Amino acid sequence: MAEALVSVVLEHLVNPAIEQVTEEVRLVRSVGNEIKSLVEELGKIKSLLEDAEKKQIHDKSVKAWFEELKDIAYDVDDVLDEWHTRILQQIATSDDSSTSKQNKKKVFACFSSPFNRSQSVLVRYRIAHRIKDLRQQLDANAKIIPGLHLIASQASHQHEDLPSRQIISSFVDPSKIHGRDHEKAEIMSWLRSQQEAKVSVMSVVGTPGFGKTALVQLVFHQENDKNTFDPTMWVCVSKPVDLQRLAKEIIESATGKKPEVDGLEALLRHLSDTVTGKMFMLILDDVWPKYLEHWWEQLKSSLDNGAQGSKIIITTRYQKVADVVESSCIILLRELQDEDCWSLFKRIAFSRRSANNHHNLEGIGEEIVKKCKGVPLAIKTIAGLMQYKQTIHEWESVRDSDVWEHVGEKLLPSLLLSYHAFPSYLKQCFMYCAVIPKDTLMKKDTLVKLWMAQGFLGSNGGKELETVGGAYFDELAMRSFFQDFEKDGDGSVVSCKIHDLVHDFAQSLTITECCVIQMNDKETCNSKVRHLTAPDTENPSISKLKELPKEVELLLHLRYLDLSRAKLTELPESLCKLYNLQTLKLDYCYDLCKLPNGIGELSNLRHFENKGTYELKYFPKGIERLSCLRTLNKFVVSGATGGCRIGELGNLIHLGGDLEIRGLWQVENMIEAKQAGLQEKKNLDSLLLDFDGGEFSSAEDREKMEGVLKGLQPHNNLKTLEIYKYPGLTIDWLCLDLRHLSFSYCENITSLPADLGKLQFLKSLTVKYVGEMKDVSFQLLKISGNGDSSSSSSSLELFPKLQFLKLINLRKWEEEEEENEKIDRFSIMPCLLELEIVFCPKLKVLPHYMMFSKTLRKLSIHNCPRLSGMKPCLPPLLEELSLWGDVGVLSSSLFPINNNSYPNLKSVTIIGSLEISSLPQGLNQFTSLQKLHLSYCESLDFKPEEEFRHLHTLPTLTITIYNCPLLKERSSRDDWANLSNFPKIIFQ
């Protein structure tokens, strides 16, 4: 880390703020010369560090010098940070706080005023003395250099050299599986097989880096898609094992909710109840033999109540584990075959070259691949390195490196070769990952903010450091140092993991600087540790914190503070003295109702994350002073109670990501609304406009809010928009790039914006609790300048990318039978996948383009009792159907038409149909039906063996029944449990 650390220190030493104070304030007469000497000496040493880092692995004298240099560099960085912090303190507390003056005038005033002079003299003297002492230490360290025979390298990479755009656009996910088709087929066959035990166990055994987890992940995701097992659960066991934690995580994986019980016995009972009667699949990843006998039997006993056919898959490095858990099947992963090794290498190494631009490198590449000895992880990391090697000479240099022969057994040579090729800025970012516990799912956004807090991304406030950090993350991913990527709906990576071997490598590089303390660890950390993680303390969650001590102000160097989910009700004013703070996370602090009045003093704050702070309904004045802010999830207009007005947002020109604006009823008019400057905030992705809280009894009040909404029109780059409890009658603007749009509880609006159907990128549309709108279909299809949709061009395509449509609680919607000739010439919603219609009591017929869409896969209809003027049939390629409550004609009849037996329909749910006594006619003709869920159907009664006797899927049909008393009685009377050729029945 020394090369990277020295780079950071040099950047701090030549920071304009430091030069300015050195020149104008004259802390101590000689301090300027001391700093100049530090800069010169560190600059000379920096060119030697690349060679030193390689030699220190085998040369103890180089290693000792290297470690001493790191200590000095850390100390210099600490002193400079304190220096800079003291300056910020003096600025903040200076009597001369006029915003019209330049910062350097403020600095001079605060250091030279009589009030501050006495209290700052000692601080200045102490800092200057420490700088002089460190300069002397560095001089002594430099005298050792000649005897080390280090070779100076060329100028190291600068931050600006990173081709981030190219990396992002050509990203190759290295997780794709190569050469494991046979093993995959064996696992799939075992999952389908009938075992004697109700719950059977398989173990996948292999050396680290052989791809055990990746293989099982592939199977796991495929099984999730098939819905054969329910629930499917994945838990990383690793070490040390805490059975309470393990049980909690399995329950959460199964239910999607954290269990509310505590104590081992209660958790194991809860786990048993969770899986009872269900055919589940559980993956226990990375199981170790130590103490296995102590916890395995207890866990297995809690799972034995699962249904026949339940499966547990274990991944492990050790054959002993497979024996202890009594595996019915063991798969041993071997080295990849040569052909598969070469295929994997080519896919990554040549991903940035054209097909005709790498023939001259293939021979060398094949020799490099042989040195990886069939280990997939080794191949991926070395291939990630070779993407950046352009010439034959560079490829030969990697092939001929002595690292292949002189690295210990526990370290892959490919990791070390790739690491040595990193520019310094990537080295420091990668090594910092050593402080993150193994198997942690790392959020990209969080990791970038932690790098920023360490100063790894530069210190110039004018740079978009978040973009720089994102590019560093992408490059590490490209080089195969990250894996198990999770992506958002747009395909962007949002999180990842680090392979255990890669994590071990990072820890080996930072053994004296980074320490992770695990539960029951007997080893102590090195006295020189700079980064400490303690994930398994007796009180692992900050959620119990009810009060932040005022002494928090003593944490002068703090840049990242995460208080998410704490039980705080307010924050102390002393928090505002953390002048270096860059990230403040208050997400889901449900009880927080007060921010400190001095919040505007956090001049370096870039990310103020406050999602889910439901009780926070007041913002103090001063938010506008946070001019570095990039993230502000929630802003509450508080002008009516003496707090900040919406105009304070205008100064936050860098805001991006997600923003909720609450309390809009307090905005006076369109002019004030425009002061928020939303149309200039081009980095905003998501916006919620919330008008809740006001009283709008008069037409004048509603017109005022219509003006406010006009003034809040955002930039066209916006991707997601929700308008909530808007009291006006009309909405006059749209953003052209919208992907997701929602109108919620806008009770008064009678029309939707014209040209809604022309939004070329819109994926989801929700209209709910819009009680006054009658002609919903017309509003969706209307086009400006034409009066209605019927007179538009015949080539027009409306909602070309829309996939998800929700129309909820539209109590006046009275759709009439369309005049088909008017809309047949349109292409309407050609990509619609999911449709949800809820509580539309006057609706008689669903528009043809919705109900009979050829692309529709999932249909939910709730409480639409007057559905009658339509054919009782379904979209032809439907896969899932949900009917809740009274749904008119569909409650009694679902007959297929035109001999279409709905070949893709696998799941039907009927809930809360209190009056029906039999299943809808035609349901028994759904030839592909696999799941039928019935709930709260108090009058429903039928004989499954007669109802579904014609279905070829009968042996695999599962009927889940909840609170249907007549069916419960029949099951006992007819002894369903012992009938053959009978669907699987589960009573919940």
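Computed from a predicted model, the values in this text were never measured in an experiment.
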Determine whether the aromatic ring centres of Y425 and Y472 lie less than 6.0 Å apart. yes
Check: H420 side chain, E50 main-chain N or O, donor-acceptor pair, under 3.5 Å: no
Separation between OH (Y588) and NZ (K611), nearest 0.5 Å, reads 5.5 Å
Quick check against the 3.5 Å criterion: does N651 have a side-chain atom that pairs as donor or acceptor with the backbone of E624? yes
For Y74 and E513, test the side chains for any donor-to-acceptor distance below 3.5 angstrom and give the result as yes or no. yes
Return the minimal non-hydrogen interatomic distance between S574 and P549, and the atom names on each side. OG-O, 4.4 Å
Can the ring centroids of F473 and F482 be said to lie less than 6.0 angstrom from one another? yes
Sub-4.5 Å side-chain heavy-atom contact between Q137 and D133: yes
Kindly give the heavy-atom pair with the smallest separation between A434 and T510, and that separation in Å. CB-OG1, 3.3 Å
State the CZ-CG distance between R606 and L629, to the nearest 0.5 angstrom. 9.5 Å
Between F481 and F422, does the ring centre distance come in under 6.0 Å? yes
Return the orientation label for the F619 and F635 ring planes: parallel under 30°, perpendicular over 60°, tilted otherwise. perpendicular
Would you kindly say whether Y419 and E53 are connected by a side-chain donor-acceptor distance under 3.5 Å? yes
Mind checking the CD-CG spacing from Q56 to L150? Nearest 0.5 Å is all I need. 11.0 Å
Excluding sequence neighbours, so at least two apart, what forms side chain to side chain donor-acceptor pair (under 3.5 Å) with E609? K449
Any salt bridge between E475 and R479, counting N to O under 4.0 Å? yes
If we ignore hydrogens and angles and just use 3.5 Å, is the side chain of N604 paired with the main-chain N or O of Y579 as donor and acceptor? yes
Enter the distance from N683:CG to E466:CD here, rounded to the nearest 0.5 Å. 10.0 Å
Nearest heavy-atom contact between P572 and L548 is CG-O, 3.5 Å
T613 side chain to N610 main-chain N or O, any donor-acceptor pair under 3.5 Å? yes
Closest approach of L457 and V468, non-hydrogen atoms and distance? O-CG1, 4.4 Å
Identify the two heavy atoms, one from L605 and one from T583, that lie closest to each other, and give their separation to 0.1 Å. CD1-N, 4.0 Å
What closest approach, in Å, do L571 and P596 show between heavy atoms, and which atom pair accounts for it? CB-CD, 3.7 Å
Mind checking what makes side chain to side chain donor-acceptor pair (under 3.5 Å) contact with N141, not counting sequence neighbours? W65
Does W451 reach the main-chain N or O of F456 with its side chain, forming a donor-acceptor pair under 3.5 Å? no
NZ/NE/NH1/NH2 to OD/OE distance under 4.0 Å, D658 and K634: no
Please check this pair: side chain of K682 against backbone of L718, looking for a donor-acceptor N/O pair closer than 3.5 Å. no
What's the spacing between D77 CG and E82 CD if we round to 0.5 Å? 12.0 Å
Are any side-chain N or O atoms of S401 and backbone N or O atoms of S397, one a donor and one an acceptor, separated by less than 3.5 Å? no
Does D488 use its side chain to pair, donor to acceptor, with the backbone of G491 at less than 3.5 Å? yes
Please identify each residue that fulfils side chain to side chain contact (heavy atoms under 4.5 Å, CB included) with D75, with sequence neighbours left out. D78, L134, R530
Does R559 offer a backbone N or O that forms a donor-acceptor pair with the side chain of N580 under 3.5 Å? no
Answer yes when K577 and E553 have at least one side-chain N-carboxylate O distance shorter than 4.0 Å, and no when they do not. yes
With a 3.5 Å distance limit and no angle check, can you tell me whether T381 reaches the backbone of L377 through a side-chain donor-acceptor pair? yes
